[in-house]
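Any value given below was found using the heavy atoms of this structure, including those in side chains, with hydrogens, waters and symmetry copies removed. A quick note: this is a predicted structure, and the numbers were derived from the prediction, not measured.
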Amino acid sequence: MTDPQETPAGLAEVRFRSDVTAELVKSSAADADVLFAARVSTAGEQSLAEVGSDAERSAGLINYLMRDRHGSPFEHNSFTFFVSAPIFVFREFMRHRVGFCLAGDTAIALESDSGPRYTTIADLYRRWHVGVEASVQRDQVRCFNEETLRPQRARILDVIESGAKPLLRLETETGLVVRCSTDHAIFTPDGWRKAGELAAGDYVFGAGFAGVPNPEQALAERDGEAAAAVPHRLALVADDGVEMTYDLSVQGPWHNFLANGIVVHNSYNEESGRYRRLEPVFYVPGPDRKLVQQGKPGRYVFVDGTAEQQKLVDEATRAVCTGAYQAYLEMLEAGIAREVARGVLPVSIYSSMYATCNARALMHFLSLRTKREDSAFPSFPQREIEMVAERMEAIFAKAMPLTYAAFNRNGRVAP
């Protein structure tokens, strides 16, 4: 629900919500997708008969795959969600593996005024999270305007370890190579396509100039200006083993970056406070939100607060958010850059994003971000992210009912 806050004359009208939004934007997901992916190992091209088939007769196979943790058949599908929630929910959300994954040795082009430099995504992850270099959290990557194909810069929001995953190897005739999961999105002349949908002869966008034999040369400057993205023809798409994988989340408006010279998508596209004025919508806990934590970490429970505690949370939240947003507006009106002014805003302000994942990644998310008595392993999610998860779970259950039933039957453990 949305609740306008009465404010004195001259101040911005600040609005408060105690709910979240999670809507399906688009999907390509059905139980039959699990079947053709599973049966290709024994039936080869005959598994194509399962595409679009009635999956009801194969519910037992889906349950077997779930029970015995054969996970990869559950990755050949896609859900894209639009999520509106307080920013602190997104900071939890972005810790999850959503399926877009790159091999650890993938070279990432970092941008600075002195020109590009290169590091592997695995090293970037270690530097980001171990804190060896605090400056790494100010790093920018080379990205591309998807309309003009001209190079730009985008700030890294997070570096994510995505677990061990089966990889595909994509090689272009010009010598660019990227190793990624089957559902990692690759920028092509036909728009964004999953790596697993590509074949030799297809074109992908890469940096530099067609015919340049390696990524580092492809990223070279010509006449002092970075090269635009150009099409590169794929010479090979092949399986390439299982390795630990990683991904980046980068700031918009163009949510892509270079992976070994090939333009790839990041996992999440979030509204950017650098490019637009943030709306004055803030989260305030509703009357049914449990406020008091009892017990130690790992054994705690939340219980209802008193009427006085509810009143304190409500009034303090409204006062702080209203004051913070007014300070934000004052800085903008004084000519301060949006990216500086937003620093005064609390994490209870609402943001929005698109999140794309496959069913396997979604089940991982649901197993950790919902609390259910039938779960094989207990979980203690924060209520606000659980609200998002509940809405996503309802969409998943409708799209893939047999897979969803098997997920629940086997303790809500992702394969």
*Looking only at atom types and distance, does a side-chain atom of Thr317 sit under 3.5 Å from a main-chain N or O of Asp314, one as donor and one as acceptor?*
no

*Using a 4.5 Å cut-off on heavy atoms from C-beta on, say whether the side chain of Val177 contacts that of Arg169.*
yes

*With the threshold set at 4.0 Å, does a side-chain nitrogen-carboxylate oxygen contact exist between Glu384 and Arg289?*
yes

*Going by an N to O cut-off under 4.0 Å, is there a salt bridge joining Arg409 and Asp374?*
no

*Is the shortest distance from a Lys or Arg side-chain nitrogen in Glu243 or Arg179 to a carboxylate oxygen in the other one below 4.0 Å?*
yes

_Leu110 CG to Arg142 CZ distance, which is reported to the nearest 0.5 Å_ = 10.5 Å

_Residue pair Ala29 / Ser78: nearest heavy atoms and the distance that separates them_ = CB-O, 4.0 Å

*asked:* Between Asn77 (side chain only) and Ala359 (backbone N and O only), is there a donor and an acceptor less than 3.5 Å apart?
replied: yes

*Aromatic ring proximity Phe144/Phe257, centre distance under 6.0 Å*: no

*May I have the step-by-step check of side-chain contact (heavy atoms from CB on, under 4.5 Å) for Asn256 and Val264, ending in yes or no?*
CA-CA 6 Å; Asn256 63 66; Val264 303; over 6 Å; no

*Give a yes or no answer on whether the side chain of Asn410 reaches the backbone of Phe407 with a donor-acceptor pair at less than 3.5 Å.*
no

_Minimal non-hydrogen separation, Pro346 against Ala324, with atom names_ = CD-CB, 3.8 Å

*Side chains of Leu329 and Arg277 in contact at under 4.5 Å (non-hydrogen atoms)*: yes

*Say whether, by atom type as modelled, one donor and one acceptor occur between the side chain of Ser379 and the main chain of Leu368 under 3.5 angstrom.*
yes

*Answer yes or no: is there a side-chain heavy-atom contact under 4.5 Å between Phe302 and Leu291?*
no

*Taking the side chain as every heavy atom from C-beta outward, state whether Ile156 and Val141 have any pair of such atoms under 4.5 Å apart.*
yes

*Kindly say whether Ala199 contributes a backbone atom to a donor-acceptor pair with the side chain of Asp202 at under 3.5 angstrom?*
yes

*State the CG-CG distance between Leu236 and Leu198, to the nearest 0.5 angstrom.*
12.0 Å

_Looking at Phe16, I'd like to know if the NZ or CZ of Arg318 sits under 6.0 Å from its six-membered ring centre while staying within 45 degrees of the ring's axis._
yes

*Is the Trp192 ring parallel, tilted or perpendicular to the His265 ring (thresholds 30°, 60°)?*
perpendicular

*asked:* To check you understand the geometry: which heavy-atom pair defines the closest contact between Ala85 and Val20, and what is its length?
replied: CB-CG1, 4.0 Å

_If the test is side chain to side chain donor-acceptor pair (under 3.5 Å), which one of Glu386, Glu390, Arg412 qualifies with Thr370?_
Arg412

*Would you say the side-chain atoms of Thr80 and Thr356 include a donor-acceptor pair closer than 3.5 Å?*
yes

*Within a strict 4.5 Å, meaning less than it, do heavy atoms of the Arg15 and Phe282 side chains meet?*
no

*Do Phe90 and Ser351 touch side chain to side chain, with heavy atoms closer than 4.5 Å?*
yes

*How close do Met400 and Ala30 get, heavy atom to heavy atom, and via which atoms?*
CE-O, 3.5 Å

*So, for Ala195 and Ser181, which heavy atoms are closest and what is the spacing to 0.1 Å?*
CB-O, 3.6 Å

*Side chain of Thr120, backbone of Asp123: donor and acceptor closer than 3.5 Å?*
yes

_If you define the side chain from C-beta out and look only at heavy atoms, does anything of Val204 sit under 4.5 Å from Leu234?_
yes

*Please round to the nearest 0.5 Å and tell me the distance separating atom CZ of Phe396 and atom CZ of Phe81.*
9.0 Å

*Just how far is it from atom CZ of Phe93 to atom CZ of Phe88, taken to the nearest 0.5 Å?*
14.0 Å

_On a heavy-atom basis, which atom in Ala235 and which in Ala200 lie closest, and how many Å separate them?_
O-CB, 3.6 Å

*asked:* Please check this pair: side chain of Arg69 against backbone of Ala414, looking for a donor-acceptor N/O pair closer than 3.5 Å.
replied: yes

*asked:* Using ring centroids (six-membered ring only for Trp), state whether His70 and Tyr64 fall under 6.0 Å.
replied: yes

*Can you check side-chain contact (heavy atoms from CB on, under 4.5 Å) on Val83 and Thr21, steps first, answer last?*
CA-CA 5 Å; Val83 181; Thr21 301; over 6 Å; no

*Decide side-chain contact (heavy atoms from CB on, under 4.5 Å) for Ile121 and Leu248; before the verdict, give the C-alpha distance in whole Å, the side-chain angles of both, and the deciding distance to 0.1 Å.*
CA-CA 8 Å; Ile121 195 169; Leu248 299 183; 4.1 Å; yes

*Kindly determine whether Ile385 and Phe365 satisfy side-chain contact (heavy atoms from CB on, under 4.5 Å), including the steps that lead there.*
CA-CA 10 Å; Ile385 197 170; Phe365 177 75; 4.1 Å; yes

*With respect to Glu393, which candidate in Arg369, Lys398, Arg372 satisfies the salt bridge (Lys or Arg N to Asp or Glu O under 4.0 Å) definition?*
Arg372

*Flag the pair Glu197 and Lys194 as a salt bridge only when some basic side-chain nitrogen lies within less than 4.0 angstrom of an acidic carboxylate oxygen.*
no

*Is the backbone of Ala107 close enough, under 3.5 Å, to the side chain of Asn260 for a donor and an acceptor to pair up by distance?*
yes

_Spacing of CD belonging to Glu146 relative to CD belonging to Gln152, to within rounding of 0.5 Å_ = 10.0 Å

*Gap separating the OG1 atom of Thr322 from the CD atom of Gln326, nearest 0.5 angstrom*: 9.5 Å

*asked:* For Tyr328, give me all partners under ring pair (Phe, Tyr, Trp, His ring centres under 6.0 Å), at least two apart in sequence or on another chain.
replied: Tyr325

*Pair Asp31-Thr403, side-chain donor/acceptor within less than 3.5 Å*: yes

*Donor on one side chain, acceptor on other, Arg39 and Ser58, under 3.5 Å*: yes

*Answer yes when Glu279 and Arg276 have at least one side-chain N-carboxylate O distance shorter than 4.0 Å, and no when they do not.*
yes

*asked:* Treating Thr172 as the side-chain partner and Leu176 as the backbone partner, does any N or O pair qualify as donor plus acceptor under 3.5 Å?
replied: yes

*Answer whether the closest heavy-atom distance between the side chains of Tyr203 and His232 falls below 4.5 Å.*
no

*Expected output: side-chain His184 to main-chain Cys101 donor-acceptor under 3.5 Å*: yes

